[in-house]
Amino acid sequence: MHVPDGFLDAPTSVATGVVAAAGVGLALRKARAELDDRTAPMAGLVATFVFATQMLNFPVGLGTSGHLLGGALAAVLVGPWTGILSVSVVLLVQALLLADGGITALGTNITLMSLVGLVVGWLVFRGLQRVLPKRVGLVPVLAAAGAFVSVPAAALAFTGLYAVGGTAPIPLDTLAAAMLGWHTLIGVGEAVITGLVVGSVVAVRPDLVYGARPALAVRTLEIRSDAGASA
Amino acid sequence: MGAGHGHKLHYHGHSVVHRAPAHLKVASLLVFMLVVVATSRTWFPVFGVYLALLVAVIAASKVPPLYIVKRMVVEVPFVVFALLMPFVATGPRVDVLGLSLAEDGLLAAWGLLAKGTLGVVASLTLAATTEPRDLLAGLERLRVPHQLVQILGFMIRYLDVVTEEMRRMRVARESRGFSARSVRHWPVVARSAGALFIRSYERGERVHLAMLSRGYTGSLTPGATTPGATNATPTTAAPSSTTPGNHA
Amino acid sequence: MSTPVLDVRGLAYAYPDGHQALFGVDLHVHRGERVALLGPNGAGKTTLVLHLNGILAAGAGSVSVSGLPVTKPNVQEVRRRVGIVFQDPDDQLFMPSVRDDVAFGPANLGLRGEALERRVREALDKVGMVDFADRPPHHLSFGQRRRVAVATVLAMEPEILVLDEPSSNLDPASRRELAEILRGLDVTVLMVTHDLPYAFELCPRSVVLSDGVVVADGATYDVLTDDALMSAHRLELPFGFDPRTIGSPSAG
Amino acid sequence: MSTPVLDVRGLAYAYPDGHQALFGVDLHVHRGERVALLGPNGAGKTTLVLHLNGILAAGAGSVSVSGLPVTKPNVQEVRRRVGIVFQDPDDQLFMPSVRDDVAFGPANLGLRGEALERRVREALDKVGMVDFADRPPHHLSFGQRRRVAVATVLAMEPEILVLDEPSSNLDPASRRELAEILRGLDVTVLMVTHDLPYAFELCPRSVVLSDGVVVADGATYDVLTDDALMSAHRLELPFGFDPRTIGSPSAG
Ligand SMILES: Nc1ncnc2c1ncn2[C@@H]1O[C@H](COP(=O)(O)OP(=O)(O)OP(=O)(O)O)[C@@H](O)[C@H]1O
Ligand SMILES: Nc1ncnc2c1ncn2[C@@H]1O[C@H](COP(=O)(O)OP(=O)(O)OP(=O)(O)O)[C@@H](O)[C@H]1O
Ligand SMILES: [Mg+2]
Ligand SMILES: [Mg+2]
């Protein structure tokens, strides 16, 4: 759903630009606590994987292009604030180097995919985590659920923006129905991929998964003072 | 491993456009597109001027036009959308070749195609003439927040790491009698994709820690190095790459 | 003599970046031989090895395995016959667990169920890594990864075993155990190594590659005691080791 | 005795996946010593090494370098003093050219211009890689990458040099040259190795790590000739090598 240049009218583009700037600005401030020596590389890798999943692009009847979003994945792996930064960086790179999404529509794209998609995915994930038992094994399932909801949510937001600032007169109900239909399907794919990736990381490096931290137990170390015992 | 030279979208060259500072290129792209988007879609000749401008830049960059044209496939889904618009749009209709099309829809489709295409071509020109490392430095000069540049730096580096790890895994698979010829083989690829994520991450992490071990502070102060990019290294006048081997 | 199982003729190769690594290599290895491939860093040993199962495609010259030219249509069959242990174990291991990784090759050869399991267990047992079957390979120590890498290739039971520096990063006992495994197998072995005593112990014949050409080919004892040859190609016997005082073990 | 330059006390560590690798390690190394760290694959040698400059943070116990505890606030300073050559050169090299890679560390220490260039040239010269300065490191042979990895650390002129299997994949001449470099430097050296003759040649003292604890610490000659100790920890003298017939070279 990368919005190209000139797709929405100027006021809408400016407005979403302001929203995006505010969102990213807040994330920058909040992420300072999350982002250090160790998490900066992780944020970069998540950006790389989100980038890769978004490359799986396919045309969607009446929408623009449909593809996986990766927002929920990013939020679960590195936390929502850093996740917003990672996905925003991906969108910036796509606009600059791939011409996927216009540079003047960057604010719109960040608002849709990095703010709406990711935040909805994260809220669903965290909400479920609150009410369900804290088990590491559940993390991939919850992540998949968040991912599933995040895609249609972003699609709805897109339709809303179009209603306000679309440059072509298209019947809104047609657009909404098409967008929601297709993106529910894409949501299933998103859920499967997110679940698989989070699952494989949780299996061997649960410490890397931000969303799994509340469920991790602390380990006690064993000390062998008697050298002979080790032989 | 680590920072390779260029990326698939980069067309190696030494033209004026290639050599122009990245931050100027990014800024010009932004300004150009703002102007394009602000132009009313009914001022048809103006779009011709924009296109001529772009074509001139591409010519100066010596990037083969076909190279850019091929990458324009990104635009396809969106072209489909634009082409459908005259059919589904509401409002007064006109007859074109026996088809009943919405007048507003036609105009909107033109506007979308013209502006969108200009945007795509302009971005691809930037991509073809700018190394990611230069882009990184350029964004920094444009005061893009430090954390974003840092994530971008790691992202560019991880693209290489992931590609390299993927290559290794492919060679390993094929050496043991496997090739992904049909959908039946996808589960194997999917299973190794999970391992790919952690492998790439851990490789990248170890490299990052190696950088820290050699005094890298992660700060992007002028003259210091950014991940995957360096501007601190001297350009010594030592003899250029000589390869051992006295055979012709 | 019979047709060589490994037959390399006039092989030349340049890497995509333009750097030429091989300048016309000739090498013939016969069934059941154990041959050491020696030479300085950057001589082209790994480059040569990567041609033996078609990972790199000859720039000039030809490679055949048991009479079969290594070309696109034959490459599947060649890879069944030639098992390569790479110099870097990270190039070899890619599955999420050690067990899966060792099972990968035999499964591609069509093994299933009990037979597959047995093959995996045997291979892991040989390298002493049975206890690690469920660990992810990238979470092992370097030497442990090397051992698993050897197991992945042993599990395929290839006719020709090519090992690129198999003993590096192995602890001394594992080194000896690997030597015993190789002696015990009825396969043709080509082993790249910088460990000259190890070559002497294991391989009756040695080939020296230097700057992309073969500069010597003969009995290991003769090669290691040819001082002029050795020093011309950065080969030296390590501290405290002299084949002249030991005799020739590898004939057996 | 003076305060040790490397002081490890009761160090225990578990990897994030829950696997514990160190179970209370004690190690003291004094200024100017050359110590070999021996032990079987998976003993925890690399894990220990990664604690010495704060890449891994102690789970229990402590590490100090010249009296400075290795903790977050000191880590910058510690990394100036301790130079580590990693076991896998691919973890060490990341810049687009060999020259950039070797310059990376000294540049971070503040060197610029002519001084930096000289430092880079000297380091590359020591390992014989001057001709490769403009090549990308990932296009080198494994042994060449290892040599560049050593150069990147030498260029930083650390007080304490920690090398994890530096001789693996090096050709015999490079091995000897590395030994000569290490002998010539006035630094404290801790060297992990499976090459017992090399340890014997270079390091007067040896520490044996096994299953995450130190099981022996003494003169290399004594360690290598203690048969019970050796066989209990998968250490064996290679074919054709016997320290008893050679005497003790590394005292010099
Ligand atoms: N991917 C590559 N691209 C370009 N050149 C390469 C590449 N790999 C190796 N080379 C070059 O080819 C030559 C031969 O390399 P090769 O890896 O075959 O050496 P080797 O004999 O295996 O050395 P070592 O003992 O160090 O493993 C070297 O000069 C090396 O720099
Ligand atoms: N990243 C990791 N995650 C989990 N476990 C690990 C990891 N790296 C190593 N281990 C385990 O910790 C133990 C010690 O590993 P280490 O790499 O320190 O061994 P080592 O003594 O260096 O061995 P080698 O001689 O093979 O290099 C081993 O049992 C290994 O399987
Ligand atoms: Mg090699
Ligand atoms: Mg190790």
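Here is the naming used below: chain letters follow the sequence lines, and residue numbers restart at 1 for every chain.
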Rounding to 0.5 Å, atoms CZ (R199(B)) and CZ (F94(C)) come to a distance of 9.0 Å
Is the number of heavy atoms from other residues, nucleotides or ligands under 6.0 Å of D186(C) CG greater than 12?
-> no
Sub-3.5 Å donor-acceptor pair from the side chain of D91(C) to the main-chain atoms of R168(B), do we have one?
-> no
State, yes or no, whether a side-chain contact exists between R176(B) and R79(C) at a heavy-atom distance under 4.5 Å.
-> no
Does the side chain of V171(B) come within less than 4.5 Å of F86(C)'s, by heavy atoms?
-> yes
Is there a side-chain contact between H138(C) and R203(B) (heavy atoms, below 4.5 Å)?
-> no
What residues form a side-chain contact (heavy atoms from CB on, under 4.5 Å) with V65(C), not counting sequence neighbours?
-> L6(C), V70(C), V78(C), R81(C), V82(C), I160(C)
Sole residue of L50(C), I84(C), N53(C) in side chain to side chain contact (heavy atoms under 4.5 Å, CB included) with S175(B) = N53(C)
In terms of heavy-atom proximity below 4.5 Å to chain B, should D90(C) be classed as side chain, backbone, both, or neither?
-> both
Can you say whether I55(C) sits under 4.5 Å from chain B via the side chain, the backbone, both, or neither, judging by heavy atoms?
-> side chain
